Number of protein chains: 2
Amino acid sequence: MVTIKDVAKVAGVSIATVSRVIHDGHQVGEACRARVKKVIAELGYRPNSNARALVSKTTNTLGVVTPKLSMPFFGSLASGVEKGARENNYKLLMSNSLYETKSEQEAIDSLRDHNCQAIILHSEYSDEKTLLKLAKEIPGLVLINRYMPAIANRCVWLDNVAGARTATDYLINRGHKNFAVITSIYQNGDPGFRLQGIRESLKLAGLQLSEAAIEESTANMEGGEQAVQALLNKGIQFTALLAYNDLMAIGAIHALFAAGLRVPEDVSVIGFDDLIVSRACRPRLTTMHYPVEEMASYATKLAIQLSDTSIEPESRTHLFIPQLVERDSVADAPRS
Amino acid sequence: MVTIKDVAKVAGVSIATVSRVIHDGHQVGEACRARVKKVIAELGYRPNSNARALVSKTTNTLGVVTPKLSMPFFGSLASGVEKGARENNYKLLMSNSLYETKSEQEAIDSLRDHNCQAIILHSEYSDEKTLLKLAKEIPGLVLINRYMPAIANRCVWLDNVAGARTATDYLINRGHKNFAVITSIYQNGDPGFRLQGIRESLKLAGLQLSEAAIEESTANMEGGEQAVQALLNKGIQFTALLAYNDLMAIGAIHALFAAGLRVPEDVSVIGFDDLIVSRACRPRLTTMHYPVEEMASYATKLAIQLSDTSIEPESRTHLFIPQLVERDSVADAPRS
DNA sequence: TTGAAAGCGCTAACAC
DNA sequence: GTGTTAGCGCTTTCAA
């Protein structure tokens with residue numbers, strides 16, 4: 001490993017001078033700078049970032065904590081963070097929380113040991129108190145996909161209620177009157193907000209949504225399938241189905257076809273998230289676009305900005321609005 | 001920030017003693033150890049990993065370089081690495097190469113600056129010379145999804161040829177005689193091997209595969225669609241279609257249905273990779289399972305092992321075999 | 001414009 | 001058992 005000393009020795013200068021030319025210091029003579037640069041190139045010298053971090057206390061390192069990278073949604077989130085990090089010349093430290101409060105905490109601690117200046121956290125289960133405490137301790141902490149009024153300027157989140165309302169209104173405008181909903185058994189966070197949006201829109205339109213027409217299951221394809229089967233078994237009549245997310249919507253489509261119903265001719269189905277799978281099913285899924293990757297890059301830049309405590313943080317909110325993506329799983333309500 | 005000095009002062013011992021109890025040193029008195037531990041807990045002391053890395057030259061940090069995290073395949077890869085890292089108590093540094101040789105190199109360099117001891121690299125475009133040089137310099141470097149005989153014991157790869165043969169043989173055994181193939185325009189790496197496997201099996205079975213029945217396109221859904229349209233436009237007759245990967249297979253299914261052909265009744269389609277999308281399409285895709293996540297964890301453990309140069313590396317090969325996953329997109333050849 | 005030197009937080013000899 | 005001390009590679013005063 002070639003160190004700053006080696007460079008200094010070969011170039012015949014002091015290590016201070018080498019350090020200066022690395023930092024583009026203008027207080028170095030032309031000839032000297034050129035010589036040092038040449039030696040650096042020849043030796044292939046690269047500053048040791050640990051040493052640098054130790055003395056300067058600035059690591060240019062950013063951490064992300066997400067539940068599980070193998071889920072496409074979080075892959076996109078990570079990708080957005082990576083983009084933001086790269087553009088700002090930051091390194092990216094990554095840790096999965098596996099949906100557990102304990103490993104989430106461990107993940108965060110480990111990032112702090114590394115002097116991460118900025119942290120992007122996707123937390124569903126940690127309670128507000130923990131998060132608030134964390135936010136106080138780490139200036140560069142940004143929450144993604146969660147909103148807490150007390151630290152509003154450090155939350156990058158999606159208006160799930162508005163998204164669900166857009167989806168519901170769209171179905172209403174297409175003439176649908178009989179709705180069913182499949183959602184997650186865990187109603188805290190996103191699922192709860194989306195259900196709320198659905199309820200609001202339906203109520204405003206004077207439409208009924210009986211509790212029996214709301215089926216809870218796991219938030220994946222299998223869950224979607226089971227939920228629809230349950231709905232069908234109960235004899236619920238519906239021409240429009242709102243799913244908590246794309247995966248459930250796709251499971252629903254499978255179950256619907258299996259039951260001899262056509263999508264969208266008999267039943268219109270709408271998803272939420274706009275994952276890549278939504279273009280894989282047939283019919284292609286109409287859904288609400290969740291701009292995760294964009295939000296993640298945004299959150300990254302925000303976190304980096306906030307980590308510089310010399311800058312007064314703006315007290316603004318960072319809210320994104322999901323957009324409807326029309327594909328082929330929704331049609332006008334059939335004339336009955 | 002609380003340092004080892006603070007702990008020493010409060011506990012009334014020297015920093016060396018604190019360091020010893022941290023490292024579970026058995027050369028510390030019972031009472032003393034207990035007291036130090038108590039102080040550590042009270043103060044919430046956590047060792048600074050940069051300082052630690054600087055002096056001990058061991059960072060317990062592992063890096064991954066993949067093209068793009070938002071692609072489900074790489075998300076799974078990253079997830080597997082994360083698992084391996086977590087299990088070995090390593091931190092994970094992540095960098096996207098975006099399919100460019102230049103940023104791939106930058107990504108690797110940045111990992112080296114951080115004293116990563118182990119690196120998992122998914123490289124498609126770097127040439128062998130570069131890779132070989134890198135491997136020589138970094139003992140803990142492991143290549144995933146690429147095989148180079150010179151460093152066979154540091155490659156974790158998939159037998160694409162065998163996988164393609166399995167897929168092809170399966171179709172042959174189902175009575176198919178008229179084959180078509182859709183593959184990537186880039187034939188280096190995976191696509192080339194898979195095509196080779198197809199050719200081998202077909203030849204062995206005495207079946208023809210005209211060049212016209214092989215259509216190249218981009219390796220995604222759109223590409224799959226276009227390729228099938230091109231095949232159809234050319235008037236190619238086929239009852240079995242082998243796709244380079246799941247995404248192309250799904251695009252193919254869309255195009256087939258659009259053309260009034262049924263899958264699998266008229267045409268059987270088989271994919272490769274077994275991404276989550278393969279369960280999203282209808283019919284569900286029969287495909288070859290690529291155990292990325294498992295391979296990635298394996299590669300991670302291997303890299304960590306190799307990075308410890310005191311251990312003699314085994315000179316074995318790390319080859320994984322894809323398995324057939326039967327779902328609903330393949331049927332017996334129709335009687336003509 | 002350049003160099004000497006202090007010190008970031010920690011580990012690991014080496015003393016006692 | 002426990003303390004003292006010399007660095008790890010670097011940045012950053014402070015002098016010259």
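Please read these numbers as outputs of a predicted model, since none were measured by experiment. Throughout, a chain's letter reflects where its sequence line sits, starting with A, and its residues are numbered from 1.
Ion pairing between a basic and an acidic side chain is recognised when a charged N comes within 4.0 Å of a carboxylate O; B/R112 and B/E137 show such pairing. In summary, B/K68 and A/E293 engage in a salt bridge, as defined by a charged side-chain N under 4.0 Å from a carboxylate O.
The nearest whole Å value for the distance from the CE atom in A/M1 to the C1' atom in D/dC10 is 10 Å. What separates CD of B/Q27 from P of C/dC14 is a distance of 14 Å, to the nearest Å. One can place CD1 of B/I15 at 10 Å from C1' of D/dG3, the figure rounded to the nearest angstrom. Rounded to an integer number of Å, the gap from CD1 of B/I4 to P of D/dT4 is 14 Å. In this entry the distance linking NZ of B/K9 with C1' of D/dG3 reads 17 Å, nearest Å. Atom pair A/I22:CD1 and D/dT12:C1' shows a separation of 13 Å (rounding to whole Å applied). Remark: C1' of C/dT11 and CG of B/N48 are 13 Å apart, rounded to the nearest angstrom. If you take CZ of A/R52 and C1' of C/dG7, they are 18 Å apart, rounded to a whole angstrom.
Map B/A16 and B/A51 each onto its nearest nucleotide of DNA chain D; the residue landing nearer the 5' end is B/A16.
Every residue two or more places apart in sequence or in another chain that forms a side-chain hydrogen bond (donor to acceptor under 3.5 Å, both in side chains) with B/E100 is listed here: B/S103.
Screening B/L319, B/V142, B/L143 for a side-chain contact (heavy atoms from CB on, under 4.5 Å) involving B/V156 leaves a single residue, B/V142.
Checked by distance alone, B/R20 brings a side-chain donor or acceptor within 3.5 Å of a matching partner on the base of D/dG3.
Recorded end-axis angle for the helix from C/dT1-D/dA16 to C/dC16-D/dG1 stands at 40°, based on five pairs per end and rounded to 10 degrees.
For the pair A/K5 and D/dC10, the criterion of a side-chain N or O lying under 4.0 Å from OP1 or OP2 is not met.
Contacts of A/T3 with the nucleic acid, taken as non-hydrogen atoms under 4.0 Å apart, involve only primed sugar atoms and P, OP1 or OP2.
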